[in-house]
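Okay, so here's the structure we're looking at.
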Amino acid sequence: MAGEDPADVFAFPDYEKPSKWLNLTPSSNQENLFFALDIPKTGPITNPANNDATAELPQPEEHGFFKLPPLLEPFGLDGDQQPDQSHGPILEPLHDTKLPDLDVFDEDWLQDIQHPAPASEFKTWEGFLVTEIPESKPLFITEAGPEVYDAAMSLPDDPLSLGNTDRKVMQTNPFVAALLALALGRGSVFFIWDEKTASFIPNLDKMRISGFSSEILQGVLDSCLQCGTITRSLSNYVRVIYKTYPSPVRVSLAKAVDTVLLVVQTKLGEKSRHIRSLLQLQSVIQPIQVILAYFKTLVTKVVRLKLDEHVLSTIFNETRTLEHVDKLLANIMREVLAQITEPWTDLAGKWIGTKDEEGVPLIKEEGLAKGFVKVGRISYMDDFGFEVEELDFIFDEDRMPNFIPVEVASIMFEAGKTLRLLRTYHPEHPLCRASLIMSSKPPALRWQFDWETIKQLQEDVASYETSVTQKLRQLCSATSDELEIIGQHRLDDGYHLELFGHDGAKLEATLLASMNALDQPPDNYNKEDSLSRLLHNELLGNAYVPDLEVVEFSPHWSVIPIQSFGPLVAAQARLINREYMKLVFGTHRLRDHLAVQKQFQLLGNGMFCSRLSHALFDPELETAERYAGVARQGGTMGLRLSGRDTWPPASSELRLALMGVLTESYLPPSTATAELDAEKQGLPSDVSFAVRDLSPEEIDRCMNPGSLEALDFLRLSYKPPAPLSPIISPIILIKYDRIFKLLLRILRMLYVVGQISRDIVARTSRWDHVDNVSLRFNFEAQHFVTSISTYFLDTGIEMPWLRFQSWLDEVEADLDRHVSKPHEARIVSPSELRAEHERMLDHMMHTLLLRRRQQAVMKLLEDIFTSILQFSKRTRLASLGRDADADGARGPSSRELYGVFKKKVGVFLTVCRGLSEKGGHAVDATTKNETTSNNERQPKAAREENTIDRLLMKLEMSGYYSQTRF
């Protein structure tokens, strides 16, 4: 209808005054008086200037049988007959430049004078029953009809004080059509669009219609002007979004706005046939004005936001605030929220695997990003002490809408990440096939705003999870022949182009069927969406009455997001975690890899401790040093830390001394049976000795073979297989390394105190005289070191490890346990297993005094060990018959060393007593409140058990060190 005049498009019949006046506020007290009563007028009065209805009627014949009688021929107001219209209707202008004057300009109409009888009378029951009662005359001027009211306003002296004497009276129907076009954002002869002010302005000054003053018309005019301006602004917003900002959520919002505008224009076009007056127009425009004004405010807020997720969060908050304000707007915004959330839910469904991932999949390629998931490099300290970067999926919290609960967002991200691991390392797994998921009909991620749909969603999710579980169980229990049949009839039902082996007629029929299918319109072609249906049914279907109370019982907005998205996300996470954890415990032998850490990093293998201790400290072994002209004897070689002056050893010495220590000491776990092949009986991973990267200050301390830090350069290198990387992370390996560094010092101290005893009491010792101080130092040092090592190994290492192993047994049993309802199963995710693993190591480090807040206590313990090492050096030289002060650098005597030792031990015990009074240590919040996919895991205790009193019992049961005597 481009190029048509809105007045021609929206042609209305003559104006008829309704029985009720809408709330039109006049500008003067006089006019308020005229509208005070609602008394019907004497009859319908037609505007003299408005002849549209007559012009549109078919013209009668002037001659012949069907000609009108003379009395019925139409006459104008001035008595002249209408012009001849036999050759077609003559279109009149939208307004008259000159209106004929009314014959009621004299003021005698206010007096009781006799007037000519009107064309029609106002009939009352009283007039029929009691004929002698005189007919009542209009009490107010507005009851006398629009002609009298117009005549009064046109008087030069303005008796009504309305200021309408110079106003031009327009025809009612064209003016109403122009107002309706104005509300739709279209210009007309009366109103034009001003590009400078970006608004509509009147094209004609001082205009009104019959029966209304300009002040009364201003209210309706302002509503139509506002609607038209907002319509133009929203239309421009839709065009700009489509051209400039084509992000998924913004395009969805622009589509919703466009839908509102389309429905408004369509419905107003339908209503235009029934609008007879300004009151009807105002009743139609009022709800549209409210909705368009709200969308204008909403668009103004959204246009300043940068991310789609911020747009979703803002619209969610706006929808929530409308819950108890306006029912119609609340329902509309719910539909808008549901539509604009579809791009995000589509991405979330593809990430967790409930929807087929079309196009380029999200893989570990640097720079890729989709919504709340991005691929980047994570910086951390690797197991060698270097700061390295690893390419991995990163959870972008800023791209997650704030209405998604934290636990749902965490489960969603971890489930998708685990699914990518499953697809990478086990692409043949049935869960990696989209057809298996699609055949089970997973529910869609969408908003659920009432309890009935929430209940239905929970039932659908339970049915989907049960279906997938049964199919996976059937595939796992199938024989090799059955699996081969399933492989031949693959799960994916995609189209396979097969041209060979078919005759021409069959190929032609297939191609014709395909062409016919392509010719069909899509399923959603020309279908009305839910927002359009809502607007059609509620916006203009009935009279708009603002509803300030919502009586229906609906869930609170705080639980709507978790009830809408939580069930499906949790069910999918359970399915993915169960299958991946089965592979972790079965195919990838997680328990064997953890056993390697226990045996070597935590010194849980007695054979390894003995072999390592002799290889590092035994002076009786053949030296691994290379001397010019001296051939090695081929015996067992060692580093001989306690019997050499040159340090640190060369890399070749380390290889010769530590060769075979790991492989020959490894003990397979008790679960390993004879049916395992020879390859699996060996080390399950790449474990070897390595050199730790140290700072210059740490290297200087390692140069002295008599220092406590002499072996800090030695470490174990372990690289877990890629499928186990989510569970044995680099941070966990760093904690293992710190524990191994301390336990290696403890292993050295155990060997040192044993060597002190051999040097003092051995028959071969050349110590001429052993004083009492040395003997007491020997006994107390041995007692202290053995007590510390027993506490560290038994309480600090063994107890947390056994608790962790018991927890793993329960997890593995839950994976094999068959339950009738899959959603009731307790399934642990890889992230929860990693958190429990890390929590165990944190407990160990706290017991071993390796936490950052325990550095002062560890420094005190290191000073005690240093004094024992210094005393060991003196006893070693004395046993060899050498003077410890022969080199001219006299060190502290045995008595002085003993005094320092006892003083430090006393302080250490005092500190331990203070620690025992504080209770257990707090668990890290990141590992304490881990939640599983089914939200059934209970949080850990807020504090762990304090075991320092056990060390006090071992060190000083009788209060020996509390005395001050030597």
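Index from 1, following the sequence.
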**OP:** Quick one: sort the W447 and F403 rings into parallel, tilted or perpendicular, breaks at 30° and 60°.
**Re:** tilted

Subject >> Closest approach of W351 to M412 (non-hydrogen atoms, all atoms of both residues) >> reply: NE1-O, 3.1 Å

Subject >> Check: T345 and R446 side chains under 4.5 Å, non-hydrogen atoms >> reply: no

Subject >> Polar side-chain atom of S564 near backbone of Q448 as donor-acceptor pair, under 3.5 Å >> reply: yes

Original post:
Closest approach of P202 and F191, non-hydrogen atoms and distance?
Top reply: CA-CD2, 3.8 Å

**OP:** Could you grab the distance from atom CD1 of I285 to atom OG of S223, nearest 0.5 Å is fine?
**Re:** 8.0 Å

Original post:
When rounded to the nearest 0.5 angstrom, what distance separates CZ in F372 from CG in D398?
Top reply: 13.5 Å

**OP:** For side chain to side chain contact (heavy atoms under 4.5 Å, CB included), just list the numbers for F295 and V336, CA-CA rounded to whole Å, side-chain angles, deciding distance to a tenth of an Å, and then say yes or no.
**Re:** CA-CA 11 Å; F295 272 94; V336 172; 3.9 Å; yes

Subject >> Heavy-atom side-chain contact between I332 and E335 under 4.5 Å >> reply: no

Original post:
CG of L445 to OG1 of T341: how many Å apart, nearest 0.5 Å?
Top reply: 11.0 Å

Original post:
Got K374 and R399 here, is their nearest side-chain heavy-atom distance under 4.5 Å?
Top reply: no

**OP:** Identify which one of I241, V311, T297 satisfies the side-chain contact (heavy atoms from CB on, under 4.5 Å) criterion when paired with V302.
**Re:** V311

Subject >> Between CG on residue D194 and OG on residue S199, distance to nearest 0.5 Å >> reply: 6.0 Å

Subject >> Smallest separation among heavy atoms of L281 and I275, with atom names >> reply: N-CG2, 3.9 Å

**OP:** Might you point out which heavy atoms bring S558 and H556 nearest each other, and give the distance in Å?
**Re:** OG-ND1, 2.8 Å

Subject >> Derivation of the side chain to side chain donor-acceptor pair (under 3.5 Å) call for R334 and N331 >> reply: CA-CA 5 Å; R334 282 186 176 186; N331 293 335; 5.0 Å; no

Subject >> Min side-chain heavy-atom separation I291-V264 under 4.5 Å >> reply: no

**OP:** Side-chain contact test, heavy atoms from C-beta onward, threshold under 4.5 Å: evaluate it for C227 versus Q289 and give yes or no.
**Re:** yes

Subject >> side chain to side chain contact (heavy atoms under 4.5 Å, CB included) evaluation trace for L179 with L278 >> reply: CA-CA 9 Å; L179 289 180; L278 286 179; 3.5 Å; yes

Original post:
Do R208 and D150 touch side chain to side chain, with heavy atoms closer than 4.5 Å?
Top reply: yes

**OP:** Could you list the residues that satisfy side-chain hydrogen bond (donor to acceptor under 3.5 Å, both in side chains) with T231, not counting sequence neighbours?
**Re:** none

**OP:** Please name all residues satisfying salt bridge (Lys or Arg N to Asp or Glu O under 4.0 Å) with D346, sequence neighbours left out, ordered by chain then number.
**Re:** K350, K355

Subject >> Between CD1 on residue I315 and CG on residue L337, distance to nearest 0.5 Å >> reply: 7.0 Å

Original post:
Which residues satisfy the ring-ring contact (aromatic ring centres under 6.0 Å, His included) test with Y237, sequence neighbours excluded?
Top reply: none

**OP:** Identify the two heavy atoms, one from N402 and one from N317, that lie closest to each other, and give their separation to 0.1 Å.
**Re:** ND2-ND2, 4.0 Å

Subject >> Pair Y294-M333, side chain to side chain contact (heavy atoms under 4.5 Å, CB included): steps then yes or no >> reply: CA-CA 10 Å; Y294 180 81; M333 287 305 299; 3.5 Å; yes

Subject >> Residues forming a side-chain contact (heavy atoms from CB on, under 4.5 Å) with T259, sequence neighbours excluded >> reply: K255, V263, D529, L531, S532

**OP:** Please assess L292 against L261 for the test side chain to side chain contact (heavy atoms under 4.5 Å, CB included), listing each intermediate value before the final yes or no.
**Re:** CA-CA 8 Å; L292 294 182; L261 295 177; 3.9 Å; yes

Subject >> Approximate separation, where rounding is to 0.5 Å, of Q280 CD and L180 CG >> reply: 11.5 Å

Original post:
Looking at T229 and A198, what are the two nearest heavy atoms and their distance?
Top reply: CG2-O, 3.5 Å

Subject >> Side-chain heavy atoms of D308 within contact of W344, under 4.5 Å >> reply: no

Subject >> Near-ring test W557/F316, centroid separation under 6.0 angstrom >> reply: yes

Original post:
Is there side-chain contact between F449 and P555, with at least one heavy-atom pair below 4.5 Å?
Top reply: no

Original post:
Applying salt bridge (charged side-chain N to carboxylate O under 4.0 Å, His left out), which residue pairs with at least one partner in residues 279-298 are found, sequence neighbours left out?
Top reply: none

Original post:
Excluding sequence neighbours, so at least two apart, what forms side-chain contact (heavy atoms from CB on, under 4.5 Å) with A293?
Top reply: Q226, I230

